[in-house]
2 protein chains.
Amino acid sequence: MRVLLVEDDPTIGNAVRDHAASQGHAVDWATTIAQADAFSDVVDSDLILLDLQLPDGSGVAFLKRLRGRRNMTPVIVLTARDQISDRIEGLNAGADDYLVKPFDLGELAARIHAVARRYGQRTTPIIQLGDVEVEPAERRLTGPHGAIDLSGREWAVLDCLLRHPGTIVPKSRIEDALYALGSEVQSNTVEVYVSRLRKKLGSSHVVTVRGLGYRMDVA
Amino acid sequence: MRVLLVEDDPTIGNAVRDHAASQGHAVDWATTIAQADAFSDVVDSDLILLDLQLPDGSGVAFLKRLRGRRNMTPVIVLTARDQISDRIEGLNAGADDYLVKPFDLGELAARIHAVARRYGQRTTPIIQLGDVEVEPAERRLTGPHGAIDLSGREWAVLDCLLRHPGTIVPKSRIEDALYALGSEVQSNTVEVYVSRLRKKLGSSHVVTVRGLGYRMDVA
DNA sequence: CTGCAGCCTTCAGGCTGCTGTCAGCTTGGG
DNA sequence: CCCAAGCTGACAGCAGCCTGAAGGCTGCAG
């Protein structure tokens, strides 16, 4: 998943970014409203983490602008305990959830999961891929011989494919889900991870569509 | 599909042309507005890829002229990251989509695909050919014994035939759909691909009309 | 600090499947 | 029967894709 983090505090920012990255998410980090605008213009994020108090203005304005452009990316507002009015304003402006600072990183991860799940409209909490069971919500795989462990990146690729089952997903989109802007990765990383996924899931479900990308076949 | 590419940068142009060609599309490449006008006058493109900054004028003018002539060919605008105003102007002038440079070729392919789908969907989402199911949107075929894979060119031929079901399609038109102006292909390629298609689809649906062309019989 | 383990990225070699071409064959019409 | 048009199997060249292995990085335990 690709996350846009809008936060000016470097401590919180670093912590959030590292933690999300370790979960396999790509994090674009904006420290100002201006940067956030720029990012949201160029990048297709799956989720936005939005601090409301920023040096060059209120996050609410950014949020309203976003929704005005019909951008319905889910937004989680990060707010200090005493800024309740901000919070309400944020929710009215179109936020999906909020989190009170200081927050636990596990808590954040849980919210991210929850929002992603709601947004992805995964009606099925468990997806069957042949003899492998996928629980996206719990981030758990179970094969015929017990649990299967996936690394962060492996999971990110699988997740990206599962968001568009039966549809051709261009390699570039998977890359976008893996890497933030600025990380210059020039290699066949996606191919490598697809290869690893196939080894773990059984090769029959991830189909290569030459020149276009990959397709997840859910039987 | 037949694509008109309007782009003056030879690097981008070459890359786009080659990649689109590998998907079975025929690409006519104009490097100036004047050339683009000439092409759009002579050739019936299915899609136009339009860079806005060209040596002899703005692509927007070309676009407006096109729409003025009631030419509703879908247009994807290629724009530099910082030319946001251009982009808006382009969309207002009648573009269908835009892509920010530098873009990934897979992403471009996906957009082309999407536009084709949007356009083609006016007719039928799923087409039955005897015991074979065609999903043009997903570029997928399903036969009685499971999925059928088609290569780029094979798909292009099938697509061309499916656009005029029950009508005689001259060989020259299929050739036009496969190869751009100037590509000197001197062989019986069309016959070869029809043959390959028949082998995969079952031979009963593509009918040869001697001396005239081929006809797709949709039962 | 050192060694270890897991993860990520890169790279190169190999493999697969796509493509255009041709030659020999079949088909259909006059 | 003859000819033109069309069909199809074979093939070499090539691009895209796969995958094993190697090296770097980080975090952890001793």
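In this text the structure is predicted, and so the values were computed from the model without any measurement. In the text below, chain A, chain B and the rest are named by the order of the sequence lines, each starting its count at 1.
- Taking side-chain N and O atoms only, A:Tyr179 has no distance below 4.0 Å to OP1 or OP2 of C:dC8.
- We find that CZ of B:Arg215 is positioned 16 Å from C1' of D:dG6, with the value rounded to whole Å.
- To the nearest 0.5 Å, the span separating CD1 on A:Ile33 from CZ on A:Phe62 amounts to 7.0 Å.
- A distance-only check finds no donor-acceptor pair linking the side chain of B:Arg163 to the backbone of B:Leu158 [under 3.5 Å].
- Distances shorter than 4.0 Å separate none of the side-chain N or O atoms of B:Tyr193 from OP1 or OP2 on C:dC18.
- Between A:Asp149 atom CG and C:dG6 atom P there is a gap of 11 Å when expressed in whole angstrom units.
- Take A:Asp131 and apply the side-chain contact (heavy atoms from CB on, under 4.5 Å) test, not counting sequence neighbours, and it matches A:Pro144.
- Picking from C:dT10, C:dC8, C:dT21 the nucleotide with the shortest atom distance to the side chain of A:Ser187 gives C:dT10.
- Legend: residues meeting side-chain contact (heavy atoms from CB on, under 4.5 Å) with B:Val169, ordered by chain and number and at least two apart, are B:Cys160, B:Leu161, B:His164, B:Arg173, B:Ile174.
- For A:Leu178 and C:dT10, the CG to P distance is 12 Å, given to the nearest whole Å.
- Residues that satisfy the side-chain contact (heavy atoms from CB on, under 4.5 Å) test with A:Asp18, not counting sequence neighbours, are absent from this structure.
- Note on A:Glu133 versus A:Arg140: no salt bridge recorded, every NZ/NE/NH1/NH2 to OD/OE distance being 4.0 Å or above.
- For B:Lys200 and D:dG9, the NZ to P distance is 13 Å, given to the nearest whole Å.
- Of the charged side-chain nitrogens involved, none lies within less than 4.0 Å of a carboxylate oxygen, so that B:Glu7 and B:Arg17 do not count as a salt-bridged pair.
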Chi angles and distances behind the side chain to side chain donor-acceptor pair (under 3.5 Å) call for B:Arg139, B:Gln23 = CA-CA 11 Å; B:Arg139 200 172 171 162; B:Gln23 298 303 311; 3.3 Å; yes

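- Evaluated for a side chain to side chain contact (heavy atoms under 4.5 Å, CB included) with B:Ile48, the options B:Asn71, B:Leu63, B:Leu66 yield exactly one hit, B:Leu66.
- Look at CG on A:Leu212: it is 18 Å from P on D:dA15, rounded to the nearest Å.
- Among the nucleotides C:dC8, D:dC7, C:dT10, the one closest to any side-chain atom of B:Glu191 is D:dC7.
- Put simply, CG on A:Asp18 is 12 Å from C1' on D:dT26, counting in whole angstrom units.
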Enumerate the protein-to-nucleotides 20-22 of chain D contacts in which both atoms are nitrogen or oxygen and the separation is below 3.5 Å.
{"residue": "D:dG20", "atom": "OP2", "partner": "A:Lys199", "partner atom": "NZ", "Å": "2.9"}

Identify the pairs formed between an N or O of the protein and an N or O of nucleotides 12-14 of chain D at a distance under 3.5 Å, and give each distance.
none

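- A salt bridge does not link B:Asp44 with B:Arg2: every distance from a Lys NZ or Arg NE/NH1/NH2 to an Asp or Glu carboxylate oxygen is 4.0 Å or more.
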Using nucleotides 14-17 of chain C, report all nitrogen or oxygen pairs with the protein that are shorter than 3.5 Å.
{"residue": "C:dT16", "atom": "O2", "partner": "A:Arg210", "partner atom": "NH2", "Å": "3.1"}

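- Distance B:Ile174 CD1 to C:dG20 P: 14 Å, rounded to the nearest Å.
- B:Arg198 places its CZ atom 11 Å from the P atom of D:dG6, with the value rounded to the nearest Å.
- Taking the charged nitrogens against the carboxylate oxygens, B:Arg196 and B:Glu154 have no contact shorter than 4.0 Å, which rules out a salt bridge.
- Residue B:Lys171 has a polar side-chain atom (N or O) positioned under 4.0 Å from OP1 or OP2 of D:dG6.
- Atom CG of B:Asp8 and atom CD of B:Gln35 lie 11.0 Å apart (nearest 0.5 Å).
- Note on B:Thr208: a side-chain N or O is less than 4.0 Å away from OP1 or OP2 of D:dC7.
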